[in-house]
Amino acid sequence: MRAGSLILVVVLVLASASTQAAPAQATTETEQQGRRLFQRAEAHFRAGLFAEALGEYQAGYEMVALPGFLINIAQCQRRLGDLKQARATYKKFVMVAPDSKFVPEVEKLIGELDGLI
């Protein structure tokens, strides 16, 4: 799975979260702040600043616990060489979003990490 497609996961998840919201007020300040954190994380990730991106993705996940953030968090951890933590985060994604269309790709990444750890 390429980094670009991993980032796209969260974009799609955040977009669908806002369309599922009932009244206009359901797009809360918390969700808006989560989007801003994601945008900053994306910029850091694309610039190769993985530690900074990781912090922003983690903060975004704490605000708006959307499973797609976990893929991006794991991707940053992997890029930073923290393979065990990346594996654990990928596994968490599979646990919290077992029906996601991204599960097969994430399980493949878990298998790759198993071979490296």
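Since the model is a prediction, treat every value here as computed from it, not as a measurement. Note that these values count all heavy atoms, side chains included, but never hydrogens, waters or copies made by symmetry.
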**Study point:** Distance in Å, Leu54 CG paired with Leu49 CG, rounded so as to fall on 0.5 Å steps
**Key:** 12.0 Å
Point to revise | Check against side chain to side chain contact (heavy atoms under 4.5 Å, CB included), Glu29 and Met63 | key: CA-CA 10 Å; Glu29 178 61 33; Met63 298 198 97; over 6 Å; no
Exercise for review: Measure up the Tyr57 and Phe38 rings against each other and bin them: parallel (under 30°), tilted (30 to 60°), perpendicular (over 60°).
Suggested key: tilted
Study note, to complete from the structure: Output for pair (Glu105 CD, Tyr90 OH), nearest 0.5 Å, gives 10.5 Å
Review point. Would a hydrophobic clustering, with Ile, Leu, Val, Met, Phe, Trp and Tyr connected at side-chain separations under 4.5 Å, put Ile117 with Leu109?
Key: yes
Review point. If you round to the nearest 0.5 Å, how far is CG of Asp114 from NZ of Lys84?
Key: 11.5 Å
Practice item. Evaluate the side chain to side chain contact (heavy atoms under 4.5 Å, CB included) criterion for residues Val103 and Phe93: first the C-alpha distance (whole Å), next the side-chain angles of each, then the deciding distance (0.1 Å), finally the verdict. Key: CA-CA 8 Å; Val103 167; Phe93 171 80; 4.1 Å; yes
Point to revise | Residue pair Ala41 / Ala53: nearest heavy atoms and the distance that separates them | key: O-CB, 3.5 Å
Review point. Is Met95 linked to Val106 within one hydrophobic cluster, defined over Ile, Leu, Val, Met, Phe, Trp and Tyr using a side-chain heavy-atom separation of less than 4.5 Å?
Key: no
Check your understanding: Looking at Val64 and Thr30, what are the two nearest heavy atoms and their distance?
Key -> CG2-O, 3.7 Å
Review point. Do Leu80 and Ile73 share a hydrophobic cluster (ILVMFWY, side-chain heavy atoms under 4.5 Å, transitive)?
Key: yes
Review point. Taking atom types as modelled and ignoring hydrogens, do the side chains of Gln75 and Arg78 form a donor-acceptor contact shorter than 3.5 angstrom?
Key: yes
Exercise for review: Using the rule that two of Ile, Leu, Val, Met, Phe, Trp, Tyr join whenever any of their side-chain heavy atoms come within less than 4.5 Å, decide whether Leu66 and Val94 are in one cluster.
Suggested key: yes
Check your understanding: Quick one: do Ile71 and Leu83 end up in the same hydrophobic cluster if we chain Ile, Leu, Val, Met, Phe, Trp and Tyr together by side-chain heavy atoms under 4.5 Å apart?
Key -> yes
Revision key, fill the gap. When rounded to the nearest 0.5 Å, the distance separating CG of Leu37 from CD of Glu62 is 9.5 Å
Point to revise | Flag side-chain contact, heavy atom, 4.5 Å: Tyr61 against Pro67 | key: no
Review point. Any Lys/Arg nitrogen of Arg87 or Glu112 sitting under 4.0 Å from an Asp/Glu carboxylate oxygen of the other?
Key: no
Check your understanding: What distance do Asn72 atom CG and Thr89 atom OG1 have between them, rounded to the nearest 0.5 Å?
Key -> 11.5 Å
Check your understanding: What's the spacing between Arg36 CZ and Gln33 CD if we round to 0.5 Å?
Key -> 5.5 Å
